[in-house]
Amino acid sequence: MPHDFMPGLAGVPAAKSAISDVDGARGVLEYRGIRVEELCASSSYLETAYLLLFGHLPSRGELSKWTEDVTRHRRVKFTIIDLMKCLPEHGHPMDALQAAVAALGMFYPGRNVKDVENNYWSAVRLVAKLPTIVAAWARLRRGDEAIPPRDDLEFSENFLYMMTESVPPAVWSEVFDDCLILHAEHTMNASTFTGMITASTLADPYTVVASSIGSLKGPLHGGANEEVVQMLKEIGTPGHAREFVVQRLADKRKLMGFGHRVYKVKDPRAVILQSLSVKLFKACGSSPLYDVAVEVERAASEHLDAKGIYPNVDFYSGIIYDKMGIDVDLFTPLFAMARVSGWLAHWLEQLHENKLFRPDQIYSGEHNRSYVPLNERS
Ligand SMILES: CC(=O)SCCNC(=O)CCNC(=O)[C@H](O)C(C)(C)COP(=O)(O)OP(=O)(O)OC[C@H]1O[C@@H](n2cnc3c(N)ncnc32)[C@H](O)[C@@H]1OP(=O)(O)O
Ligand SMILES: O=C([O-])CC(=O)C(=O)O
């Protein structure tokens, strides 16, 4: 049967899902029907992860069990830390994260994905351990020891503590937790789709998440948050922003952190992240990067608004992380440790009615050619 070819599968539904929804024309993002603005105002990352994974807001008892389960599984085995110590310290943190997550799967039973109880514990472990791995790598590569998690600290507070060995100011944890909520899920994006393809073979969840991490790394997807801050640093001052934007577009190069396959207005997450950065600056002083970013957005709007290209989730997030002193190449791992709940939600959803992903192709090569022996080839 002939099919229309849609490059990048643009607009082609690849799954039915009740996890999240994007209205790209109005700039609305909902998780399980609840707008992200409301979740940032009232929920926590861990509660939102539960909502994504299990489909409903937890009762008090469910939330306390989930929080306790995740908290008790934050530690990673010393052999994982030893493995990370063997990786080259100049390597990209996304590669270290991918390797560590793939290795995690060798320690835990995950192969029988029909075992619902085991799937629950796999989700607990992955949500719990990714931050520990990210923070451990941030320290190990500088020659410092990894800091073990503290059970008395909440999820985001504990992550920032493991990065620095000091308990962060409350506003940092609040802002960071909202960042995690905003990065937790986003319908059929490339890394989620990658994970679903892997999951469709009934591979274990560690392998699913490791493959999603690989996909998130690329600069057209999660890797853009790192490139945005590099771009803002290169621009240097707000006064240079307009000239930079004009030149970049004249060179037919993309502005990082702008544009989206689905949103044709400013990404609602960029709107919230921008206000979160202002909240952070009120508490601990501004960032020159923010002033540059605002000018880039203003200059870009003169050229890109007409094409429906606006800031996406990656545009303002890095400014927040940079202000917290987090290294630029760790920004995409932060994205991954939030998105793991979305990846796993799609994994669990797909297991209910799994069908192996095996799309078709349109062959554009030749047929019936003869093999030419090596000594007869020109
Ligand atoms: C978490 C996330 O994944 S959010 C996305 C993060 N990625 C980035 O920020 C990287 C920069 N942005 C992009 O590369 C793109 O906007 C994408 C890949 C995100 C989505 O784009 P697609 O739907 O594939 O559209 P595509 O890349 O084909 O662009 C369509 C047109 O808009 C232009 N365009 C898209 N994004 C940008 C941009 N950031 N800057 C300038 N022009 C752009 C393209 O040049 C193209 O123009 P043309 O029609 O004149 O050739
Ligand atoms: O939906 C997409 O294509 C990319 C994105 O914004 C995300 O994954 O958060």
Side-chain angles (χ1 to χ4, degrees), residues 6-15 17 19-25 27-31 36 39 48 52 94 179-196 209 212-232 235 241 244-273 293 296-297 299-319 321 331-343 345-346:
M6 301 301 289
L9 297 181
V12 178
S17 178
I19 300 169
S20 67
D21 189 42
V22 174
D23 180 335
V28 175
L29 170 59
E30 292 172 336
Y31 296 167
V36 286
L39 289 167
T48 298
L52 291 167
M94 283 297 271
C179 292
L180 295 185
I181 291 177
L182 294 172
H183 287 86
E185 158 62 11
H186 208 253
T187 73
M188 204 44 54
N189 60 86
S191 55
T192 298
F193 186 41
T194 303
M196 288 176 65
V209 170
S212 290
I213 290 169
S215 176
L216 187 70
K217 184 185 174 197
L220 293 186
H221 190 17
N225 59 10
E226 180 179 334
E227 302 230 350
V228 168
V229 166
Q230 277 155 359
M231 180 180 85
L232 298 176
I235 296 170
F244 178 92
V245 167
V246 169
Q247 190 57 52
R248 182 113 173 175
L249 297 178
D251 293 344
K252 302 261 175 265
R253 291 179 63 202
K254 285 179 172 170
L255 277 181
M256 300 316 281
F258 279 78
H260 200 277
R261 180 65 64 78
V262 186
Y263 291 118
K264 297 305 159 211
V265 293
K266 186 166 174 177
D267 186 328
R269 299 167 296 175
V271 175
I272 306 172
L273 286 161
V296 168
E297 184 177 350
S301 71
E302 290 163 20
H303 304 271
L304 298 178
D305 276 15
K307 293 176 94 177
I309 297 168
Y310 294 88
N312 60 45
V313 67
D314 289 324
F315 192 61
Y316 284 103
S317 59
I319 297 172
Y321 305 144
F331 295 174
T332 317
L334 302 185
F335 194 153
M337 67 187 227
R339 183 56 60 88
V340 69
S341 53
W343 293 330
H346 284 274

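Both ligands and their constituent atoms are indexed starting at 1 by order of listing. Position 1 is the first residue of the sequence, and the numbers go up from there.
With a heavy-atom cut-off of 4.0 Å, Leu249 touches ligand 1 through its side chain alone. In Val228, neither the side chain nor the backbone holds a heavy atom less than 4.0 Å from any atom of ligand 1. Neither the backbone nor the side chain of Arg261 has a heavy atom within less than 4.0 Å of ligand 2.
Looking only at side-chain heavy atoms (C-beta outward), Leu273 and Cys179 come within less than 4.5 Å of each other.
For atom 1 (C) of ligand 1, the nearest protein heavy atom is under 4.0 Å away. For atom 51 (O) of ligand 1, the nearest protein heavy atom lies 4.0 Å or farther away. In this structure, atom 31 (C) of ligand 1 is not in close contact with the protein, since no protein heavy atom lies within 4.0 Å of it. Closer than 4.0 Å to atom 23 (O) of ligand 1 lies at least one heavy atom of the protein. Under the 4.0 angstrom criterion, atom 28 (O) of ligand 1 counts as lacking any protein heavy-atom contact.
Where the criterion is an N or O separation shorter than 3.5 Å, residue side chain and backbone included, Leu220 meets it with respect to ligand 1. Taking distance alone, with nitrogen or oxygen atoms compared against 3.5 Å, Asp314 stays at or beyond that limit from ligand 1. At a 3.5 angstrom cut-off on N or O pairs, Arg339 counts as close to ligand 2.
The protein non-hydrogen atom at the shortest distance from atom 11 (C) of ligand 1 is Phe258 O, 3.4 Å. Atom 33 (C) of ligand 1 has as its closest protein heavy atom Ile309 CD1, 3.5 Å. For atom 25 (O) of ligand 1, the nearest non-hydrogen atom of the protein is Arg261 NE, 4.9 Å. With hydrogens left out, the protein atom closest to atom 8 (C) of ligand 1 is Ala224 CB, 3.6 Å, a heavy atom. Looking only at protein heavy atoms, the nearest one to atom 46 (C) of ligand 1 is Lys307 NZ, 4.4 Å. Scanning all protein heavy atoms for the shortest distance to atom 40 (N) of ligand 1 gives Leu255 N, 2.9 Å. Among protein heavy atoms, the minimum distance from atom 44 (C) of ligand 1 is reached at Lys254 CE, 4.1 Å.
Distances below 4.0 Å separate heavy atoms of Arg269 from the following atoms of ligand 2: 5 (C), 6 (O), 7 (C), 9 (O). Annotation for ligand 1: atoms under 4.0 Å from non-hydrogen atoms of Val313 are 1 (C). Taking every heavy atom of His260 and a limit of under 4.0 angstrom, the matching atoms of ligand 2 come to 1 (O), 2 (C), 3 (O), 4 (C), 5 (C), 6 (O). Using a 4.0 Å cut-off to heavy atoms of Pro219, the atoms of ligand 1 that qualify are 7 (N), 10 (C). Less than 4.0 angstrom separates some heavy atom of Phe335 from each of these atoms of ligand 1: 1 (C).
Partner of Phe315 under the ring-ring contact (aromatic ring centres under 6.0 Å, His included) criterion, out of Tyr263, Phe258, Phe331: Phe258 alone.
Taking the six-membered ring wherever Trp is involved, the centroid distance between the rings of His186 and Phe335 does not fall below 6.0 Å.
Not close to ligand 1: Asp267, with no non-hydrogen atom less than 4.0 angstrom away. By the 4.0 Å heavy-atom criterion, His221 is counted among the residues contacting ligand 2.
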